Amino acid sequence: MENGQTTPQNPLLENCLQRQFNTLGQNGTNKTGQKQAIVTGNGSDLNNNDGLKGRAKRKTITQAMILSLMDVAKLKGDTEKQNSYWNTYYCQSKIISAEGKFYGKYCKNRFCTLCCSIRKAEIINKYLPIIKEWQEPYFVTLTVKSCKANRLKVMIGKVLQGFSKIRAKHKKRHQRGNGIKLIGVKSLECNFNPTKQTYNPHLHLIVANEEIGELIVKEWLKIWTPKFTNRLGQDIRKVFDVETNLIEIIKYGSKIFTEPDMKKKNKYDNSYQIYISALDNILTAMKGKRIFERFGFNADKEAVPAHQEPKILTHFEEWEFNPKKSDWENVVTTEALANYEPKSQLIAILNSCIDLNSQ
């Protein structure tokens, strides 16, 4: 591997490349010698320049992280994880455009910032209208004592189990007419403290009112006891901007950028670090766990998309992502697609601030 490029002799890479282009269907020529491509789905708006720039930024961040995550997975001998990381590295690397739309393959991995942004939009569209109908929603954070890496998976399991016990208990009480109904949405997150080398799995919630929030906090403290948490570690506050708070809990499950002194707040300050081994530990511990879910209410079922027959394109352009330019380039003209230029601070972080050693 050199300058972010990969060698085609790598069997993991070859498998990934083979899967990569199944998205666009197939490129080739018909019997008349005319070049064609087969695509499915609605495609994305090619004329949304801000959207394209955002994708280019997320793609740039993802590729830089994934290359380092690959190094961690190799050291651990985790072949399955390497395959997943390669799949994400090539997410949307090759796309084609036609009739104002562009098409490409999504890896759908939770550590892919491209795919997470799409999932975030889906959750907002689905749940924001419902939460806006709640008269006085509250934002709640539930925490427990931080732990070392070797205990992280167990602690995440116990955090989720603890909340499930609270839900089950009060669901039965409500059904018997002896208590209030717990209504809200919940998200699992985990931070890494590079100073103490510890992990802090916790839950963020938006609940329908203050009474629900206070009850959940009370039950949480009872389950975990003073040995593992305390009242100061929990937070409950009124929601003044529903959309902002909903976005706050729809994250990637971990903080990508972490400040070494845990105090600086400037988003792209050069003191930021990406603790890649710690991120791998978080991703491993969260594997198979549901990050976001609702409780106490039903949301409208998502409409099943009508079956779309694949479309055959005969007039299209092909684009390939160039990591050195943080943009997709036309394979014929080398024209840039998004005209995105990453900020110097972001480049500095991705080039110089990735820490492979912290556990």
Side-chain angles (χ1 to χ4, degrees), residues 72 76 110-111 138-170 182 184-207 210-239 245 248-265 271-293 295 355-359:
V72 173
K76 294 180 178 180
R110 63 176 49 168
F111 41 83
Y138 269 71
F139 187 93
V140 179
T141 300
L142 304 174
T143 68
V144 294
K145 186 178 179 180
S146 297
C147 64
K148 292 294 186 179
N150 63 346
R151 291 280 299 168
L152 181 57
K153 185 174 182 178
V154 171
M155 287 301 294
I156 286 177
K158 289 185 177 296
V159 164
L160 295 175
Q161 184 181 34
F163 187 78
S164 293
K165 286 182 178 179
I166 296 173
R167 284 179 55 186
K169 174 182 176 180
H170 288 277
L182 302 188
V185 293
K186 171 183 69 69
S187 180
L188 171 67
E189 186 178 308
C190 183
N191 297 344
F192 173 66
N193 186 321
T195 303
K196 297 181 179 180
Q197 296 283 294
T198 56
Y199 297 80
N200 174 230
H202 55 278
L203 301 176
H204 288 308
L205 300 84
I206 298 178
V207 295
E210 183 179 14
E211 184 182 8
I212 294 173
E214 292 288 359
L215 178 59
I216 290 175
V217 169
K218 179 181 178 180
E219 293 285 1
W220 187 258
L221 294 172
K222 188 184 300 183
I223 286 176
W224 283 97
T225 75
K227 181 179 179 180
F228 293 99
T229 193
N230 57 60
R231 182 60 182 85
L232 292 176
Q234 322 313 311
D235 182 43
I236 176 170
R237 62 181 186 269
K238 187 175 180 179
V239 170
N245 283 118
E248 172 69 14
I249 73 171
I250 308 170
K251 295 178 180 174
Y252 309 122
S254 64
K255 299 283 179 123
I256 293 175
F257 297 106
T258 305
E259 313 93 319
D261 61 7
M262 302 298 290
K263 295 180 180 179
K264 294 182 181 295
K265 298 299 179 185
S271 67
Y272 271 81
Q273 297 284 307
I274 302 176
Y275 294 96
I276 211 72
S277 185
L279 179 58
D280 180 77
N281 288 336
I282 293 172
L283 294 172
T284 299
M286 285 188 173
K287 183 179 179 181
K289 306 297 184 184
R290 181 172 292 182
I291 301 297
F292 180 93
E293 65 178 342
F295 56 93
D355 185 318
L356 291 171
N357 299 315
S358 295
Q359 296 296 321

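Here the structure is a predicted model, which is why all the values come from computation and not from measurement. Heavy atoms only: backbone and side chains are in, while hydrogens, waters and symmetry mates are out.
- Every side chain to side chain contact (heavy atoms under 4.5 Å, CB included) that Arg231 has, sequence neighbours left out, goes to Glu214, Val217, Leu221, Gln234, Ile236.
- Here the side chain of Arg110 pairs a donor or acceptor atom with the backbone of Met286 at under 3.5 angstrom.
- With sequence neighbours left out, Asn200 forms a side chain to side chain contact (heavy atoms under 4.5 Å, CB included) with Thr143, Ser146, His202.
- The side chain to side chain contact (heavy atoms under 4.5 Å, CB included) search around Lys287 returns Glu80, not counting sequence neighbours.
- For Asp235, the side chain to side chain contact (heavy atoms under 4.5 Å, CB included) partners at least two apart in sequence or on another chain are Thr141, Arg237.
- The two residues Trp220 and Gly162 make their nearest non-hydrogen contact at CZ3-C, 4.2 Å.
- Within the structure, salt bridge (charged side-chain N to carboxylate O under 4.0 Å, His left out) contacts touching residues 144-157 (residues at least two apart or in different chains) do not occur.
- Among residues two or more places apart in sequence or in another chain, the side-chain hydrogen bond (donor to acceptor under 3.5 Å, both in side chains) test is passed with Glu211 by none.
- The side chain to side chain donor-acceptor pair (under 3.5 Å) pairs that include a residue from residues 159-170 are Lys169-Glu219, His170-Glu219, where partners are two or more places apart or lie in different chains.
- Nearest heavy atoms, Cys190 versus Pro201: SG-N, 3.9 Å.
- In this structure Asn230 satisfies the side-chain hydrogen bond (donor to acceptor under 3.5 Å, both in side chains) test with no other residue, sequence neighbours excluded.
- The shortest heavy-atom contact between Met155 and Cys147 is CG-SG, 3.7 Å.
- Applying the salt bridge (charged side-chain N to carboxylate O under 4.0 Å, His left out) test to residues at least two apart or on different chains, none of the pairs has a partner in residues 195-206.
- Looking at every heavy atom in both residues, Phe292 comes nearest to Ser187 through CD1-CB, 4.2 Å.
- Using a 30° and 60° split on the angle between ring planes, Phe295 and Phe163 fall in the perpendicular class, above 60°.
- In this structure, the side chains of Ile249 and Asn245 stay at 4.5 Å or more apart for every pair of heavy atoms.
- Residues Val140 and Gly213 approach most closely at CG2-CA, 3.9 Å, considering heavy atoms.
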